[in-house]
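As structure tokens, the structure follows; a few thoughts come after it.
These numbers come from a predicted model, not from an experiment. Every chain is numbered from 1, with letters handed out A, B, ... down the list of sequences.
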Protein chains: 2
Amino acid sequence: MAPTGWIRLVATRTGRDRDEVCPFHTPHPDGVFLMNDATDIRERFVAAAGEFTQALGYGRNIGQIFAHIYFSRDPQSLDNLTESLGISKGSASMSVRQLEQWGAVKHVWIKGERKDFYEACEDFGRIMRKALIDLVGRTTESADSLLTESETWLATKKKNGRTPADMDFLADRVKKIREFRNRAHYLWNSPLIRVLFK
Amino acid sequence: MAPTGWIRLVATRTGRDRDEVCPFHTPHPDGVFLMNDATDIRERFVAAAGEFTQALGYGRNIGQIFAHIYFSRDPQSLDNLTESLGISKGSASMSVRQLEQWGAVKHVWIKGERKDFYEACEDFGRIMRKALIDLVGRTTESADSLLTESETWLATKKKNGRTPADMDFLADRVKKIREFRNRAHYLWNSPLIRVLFK
DNA sequence: CAAGGCGTTCAATTTGAATTGAACACAAGG
DNA sequence: CCTTGTGTTCAATTCAAATTGAACGCCTTG
């Protein structure tokens, strides 16, 4: 069968360039691309998903792993992942657990097998929502407490009667943030959003 | 005036630990914190905003810069930013332009001054939306073209009559992705979302 | 036209996070 | 009880992205 993968031009000592075919899961070299076979599609999606999650700030592995499982008919074991994707066992283990938390992947048992197997869930909406909740929660809570802290501090200052112009400006800005935060929080918890993501 | 900032315990050679006060914009050391003055609130928000944007995958500087401008009464110059935040001129320049693109900050001219000054826009909803469009656009487009590419490839294969079970599975999975993508795209462009973010 | 102030660029560096892999814990089977 | 086959952990490493800063170009002013 013809080779498949990214085609990269490699300079040689003799001055004659030659083509080199790289597996799809390698960071893509902006080359032409060959698609012969069903497994090629899988590998292309694996690469794309890896780039996607990497661009979003989760690593490359987590996307690749999900795509691999998603495009596999049979449930996949950690060994399958490390072999197919060329990643370490440790990374596979941790990423799979992350995906499980997001509900992107679910554990299945196969009789007679000692390994853990995983298969993909198709409900992208739910997955995205869980991942977002995760991210937003982590990034929001500390800012949240700072906001209330500032508000109480400003309130006491006002009680003391000392409210020069700078203080007023500050209070106004903090208030604007509070308004946005409340609106965002309201929207986030509204049934509307819940419906949209389902 | 009493010193303000994070309080960090530093071990000394004599065995006697002493307290050290760090400016708020330094990466926070999990210490106690002192708030005496209006500028302290600004610095705390600067630190929080920096952590926020960093967690979201944009650097620390961009958040700090926006917070600094947002909590400044007067328009701020690049020099103000590099001095107050302890960042480089290059970074300040680039970050400010990014913020301008998002509509988070706008250029103002001050007569008799040669420097560029910036002040903050308060419309957080719009800012978030622009930043999101930016992110989603960048991460989505390549995946998008892969999707259509795969669909056409699968279609030709089907024409050739060769559709074993594996192919059907593959086609089904690709179809599921397409459905999600279309739904997401529709929602994203729906007037509903536009209203929510305003 | 020379000099100085200002913003921009980009290659080099730094930094923070992702990834690795060796050591570990646990279970099952012999 | 030892061995073998698992998944997990976490300190060390690697890697990509953020940040720096020196060099540059442009404008203004004297």
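- In this structure, Ala55(B) and Tyr118(B) both approach DNA chain C, and ranking their closest nucleotides by distance from the 5' end singles out Tyr118(B).
- One interatomic measurement links the two molecules: CD of Glu113(B) to P of dT28(D), which rounds to 15 Å at whole-angstrom precision.
- Side-chain proximity of Lys115(B) to dT20(C), dT8(C), dG7(C): nearest is dG7(C).
- Checking dA17(D), dT9(C), dG16(C) against every side-chain atom of Arg60(B), the shortest atom distance belongs to dG16(C).
- Remark: P of dT8(D) and NZ of Lys89(A) are 10 Å apart, rounded to the nearest angstrom.
- Comparing dT19(D), dG16(C), dC6(C) by their nearest atom to the side chain of Asp79(B) picks out dC6(C).
- Nucleotide dG7(D) holds its P atom 16 Å from the CG atom of Leu99(A), rounded to whole Å.
- Trp102(A) has its ring centre no less than 6.0 Å from the ring centre of Phe66(A).
- Of the candidate nucleotides dT6(D), dG5(C), dT9(D), dG5(C) has the atom nearest to the side chain of Arg114(B).
- The listed nucleotides are dT20(D), dG7(C), dT20(C); the one nearest the side chain of Ser91(A) is dT20(C).
- Counting heavy atoms from C-beta outward, Tyr58(B) and Leu135(B) have side chains that approach closer than 4.5 Å.
- Position along DNA chain D of the nearest nucleotide to Met94(B) versus Met94(A) favours Met94(A) as the more 5'-ward residue.
- Distance CD (Gln64(B)) to P (dT15(C)): 14 Å, rounded to an integer number of Å.
- Among the nucleotides dC10(C), dT9(D), dG7(C), the one closest to any side-chain atom of Ser93(B) is dG7(C).
- Side-chain proximity of Arg97(A) to the nucleotides dT19(C), dT8(D), dT9(C) is greatest for dT8(D).
- In this structure, Asp116(B) atom CG and dC26(D) atom P are separated by 16 Å, rounded to whole Å.
- In this structure, Gln54(B) atom CD and dA16(D) atom P are separated by 18 Å, rounded to whole Å.
- Distances were taken from every side-chain heavy atom of Ser88(A) (C-beta onward) to each of dT8(D), dG21(C), dG21(D); the shortest belongs to dG21(C).
- Here dA17(C) presents its P atom at 16 Å from CG of Leu56(A), a figure rounded to the nearest Å.
- Put simply, the residue from Arg173(A), Lys175(A), Arg178(A), Arg181(A) that forms a salt bridge (charged side-chain N to carboxylate O under 4.0 Å, His left out) with Glu151(A) is Arg178(A).
- Here the P atom of nucleotide dG16(C) and the CG atom of Asn61(B) are 11 Å apart, to the nearest Å.
- Residues Asn61(B) and Ser91(B) bring a donor and an acceptor atom of their side chains to less than 3.5 Å of each other.
- Side-chain rings of His107(A) and Phe117(A) stay apart, their centers remaining 6.0 Å or farther from each other.
- The side chain of Ile87(B) sits closest to dT20(D) out of dT20(D), dT19(C), dT9(D).
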